[in-house]
**Student:** 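My questions all concern the structure below.
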There are 2 protein chains.
Amino acid sequence: MAQTKIPAESGTVFSTTLSRLRKEILTGAIGPGEKLRLDQLRITYDVSFSPLREAISRLVSEGLVLQAGDQRGFQVAPVSADNLREVTLLRKSLEVIALQRSIQHGDDAWETGVVSSMHHLSKFKSRNPAKMDNIDEVWENWHRKFHTALIGACRLPVLLQFCDTLYDLSDRYRRNFIQFRHVPRDVQSEHSAIAEAALNRNAELACRLMEEHIELTATMILAVLPTELR
Amino acid sequence: MAQTKIPAESGTVFSTTLSRLRKEILTGAIGPGEKLRLDQLRITYDVSFSPLREAISRLVSEGLVLQAGDQRGFQVAPVSADNLREVTLLRKSLEVIALQRSIQHGDDAWETGVVSSMHHLSKFKSRNPAKMDNIDEVWENWHRKFHTALIGACRLPVLLQFCDTLYDLSDRYRRNFIQFRHVPRDVQSEHSAIAEAALNRNAELACRLMEEHIELTATMILAVLPTELR
DNA sequence: TATTATAATATTATCGATAATAAGTAGGGC
DNA sequence: GCCCTACTTATTATCGATAATATTATAATA
């Protein structure tokens, strides 16, 4: 009884391949513009063409991969200042809509989610003061969870999908280029300020802070983007 | 032209299957909520699993198809008033951004595209006065081209992709439910008003008219949506 | 009859192989 | 030496078959 089928975290070959590919692209393990050699990927991932192509197909509609042309395979989307500016503009526009509605509709579960992810983010910081380099998978996970939690109560699933996609697109820039940053920054206080405003149901303030937060990250990345990409 | 989605209309089995499937879903030939039986589709389309699944996978990220769950196949996304309201909200928000920038950056080619598609739309009307039922593929094509042309000069390819997706999502409602409309409406003048404002570089007016245009369509559909979907 | 267990069927997800196409290379004419 | 063409290799797109899983039908038990 109650043999409640646990959705098997393993999942299908397709979904694990999708996650793996996405992660490798976001982290830069497969670099911008790089060609995706199907046969090689098929071997290294130990999967067959079908789920591999299906995964790539998803990444194409996410914008992380481009179709080079008929019969010409795929390549990781190149990076450029223009692209980063666009993604930033869209993230600001859309996350603000989502945040505003989320603050409006958020219930207890929403508050809990915000507080919880916020807590984990700060705990991580104090625990690993030396590792406050953003390049850290645990922090990355909580950072994403935090942003997701904030807008999660907006009741607009399509919008959430868009925000998720845009997060990925901008995340790649941060993960690949933030290591070269020179200006120090207290991301932690930015986050807690946003969370506080949201929990106080101060939509206007929360949205403004969120826009600034997104914009600031982009500005810092743009400042260190290799010149040939501008 | 901002040809964001279809790689090559002739091209691969995959792309033709994708177009075909999308069209059948948009027109309602495969109805909302309907299960996609892979084996049956494979036979009727005379293709094998690989390109079929790849096509379906794209439609999943577009939001027209849902993954029912691991090993449980796919189904056409159901329709609902909430979903239509969301899609409408997002279309208004995003197309306005795109239109504003398009008006700002539009060059000669852009003007030509707007005038041309506008012309085709009106020509169609006068040619087939009896057929001014929106359910007509030729008109549908020009209608889409018109909307695409208007925002095509915004220089924000990701945004254009989103708009394209949202157009599809709302298009399905129009194609499936507009036949039951009761209030007559002069869509033609709405279109020409938008085009005129855009070509006059009156961004504010054009955007306002565009919002009203999108909203009006949604309102009319909502008015005739079967009650069980509200 | 209702309920569970078991078998039969249907459907999906994945694989390995083949066909189609592009990219690369060497040879021949100018 | 350079360009064009035929040929070889590399890579992709597609297929048909198989394995994994879900769904339905049937039987057995209480």
**Student:** So, for B:R42 and B:L52, which heavy atoms are closest and what is the spacing to 0.1 Å?
**Tutor:** N-CD2, 3.8 Å
**Student:** Compare the minimum distances between each of C:dC15, C:dT12, D:dA13 and the side chain of A:S50, then state the nucleotide with the smallest one.
**Tutor:** C:dC15
**Student:** What is the distance, to the nearest angstrom, from the CZ atom on A:R42 to the C1' atom on D:dT12?
**Tutor:** 12 Å
**Student:** Hey, can you tell me if B:Y167 and B:H143 have their rings parallel, tilted or perpendicular (30° and 60° cut-offs)?
**Tutor:** tilted
**Student:** Heavy atoms from C-beta onward define the side chain here; which of C:dC15, C:dT14, D:dT14 lies closest to that of B:T12?
**Tutor:** D:dT14
**Student:** Quick one: do B:F177 and B:L229 satisfy side-chain contact (heavy atoms from CB on, under 4.5 Å)? Show the steps, please.
**Tutor:** CA-CA 12 Å; B:F177 297 105; B:L229 295 176; 4.3 Å; yes
**Student:** When you get a sec, tell me which of D:dT14, D:dT23, D:dA13 is the closest nucleotide to the side chain of A:F74?
**Tutor:** D:dA13
**Student:** Once you round it to whole Å, what is the distance between P of D:dA13 and CG of A:D39?
**Tutor:** 13 Å
**Student:** From CZ of A:F49 over to P of C:dA20, roughly how many Å is that when rounded to an integer?
**Tutor:** 16 Å
**Student:** Choose from C:dA13, C:dT11, D:dA13 the nucleotide whose nearest atom is closest to any side-chain atom of A:L38.
**Tutor:** D:dA13
**Student:** To the nearest Å, give me how far apart CD (B:E34) and C1' (C:dT11) are.
**Tutor:** 16 Å
**Student:** Rounding to an integer number of Å, can you tell me how far A:E54 CD sits from C:dT14 P?
**Tutor:** 7 Å
**Student:** Enumerate donor-acceptor pairs with a distance under 3.5 Å from any side-chain N or O in residues 86-93 of chain B to protein atoms, sequence neighbours excluded.
**Tutor:**
unit_1, atom_1, unit_2, atom_2, d
B:E86, OE1, A:V158, N, 3.4
B:E86, OE2, A:V158, N, 2.7
B:E86, OE2, A:L159, N, 2.8
B:T88, OG1, B:L84, O, 2.7
B:R91, NE, B:E95, OE2, 3.0
B:R91, NH1, B:S170, OG, 3.3
B:R91, NH2, B:E95, OE2, 2.9
B:K92, NZ, B:E215, OE1, 2.4
B:S93, OG, B:L89, O, 2.9

**Student:** Please tell me which of the listed nucleotides, C:dA22, D:dT11, C:dT11, lies nearest to the side chain of B:K35?
**Tutor:** C:dT11
**Student:** Given atom CD of B:Q71 and atom P of D:dT23, what is their separation to the nearest angstrom?
**Tutor:** 10 Å
**Student:** Minimum heavy-atom separation for B:A198 to B:W110, with atom names?
**Tutor:** O-CH2, 3.6 Å
**Student:** When all nucleic acid strands are considered with a 4.0 Å heavy-atom cut-off, which category describes A:R53: base, sugar-phosphate, or nothing?
**Tutor:** base
**Student:** Rounding to an integer number of Å, can you tell me how far B:L18 CG sits from D:dT14 C1'?
**Tutor:** 16 Å
**Student:** Of the candidate nucleotides C:dT14, D:dC15, C:dT12, which contains the atom at the shortest distance from the side chain of A:S48?
**Tutor:** C:dT14
**Student:** Return the value, rounded to whole Å, for the distance between atom CZ of A:R72 and atom P of D:dT12.
**Tutor:** 12 Å
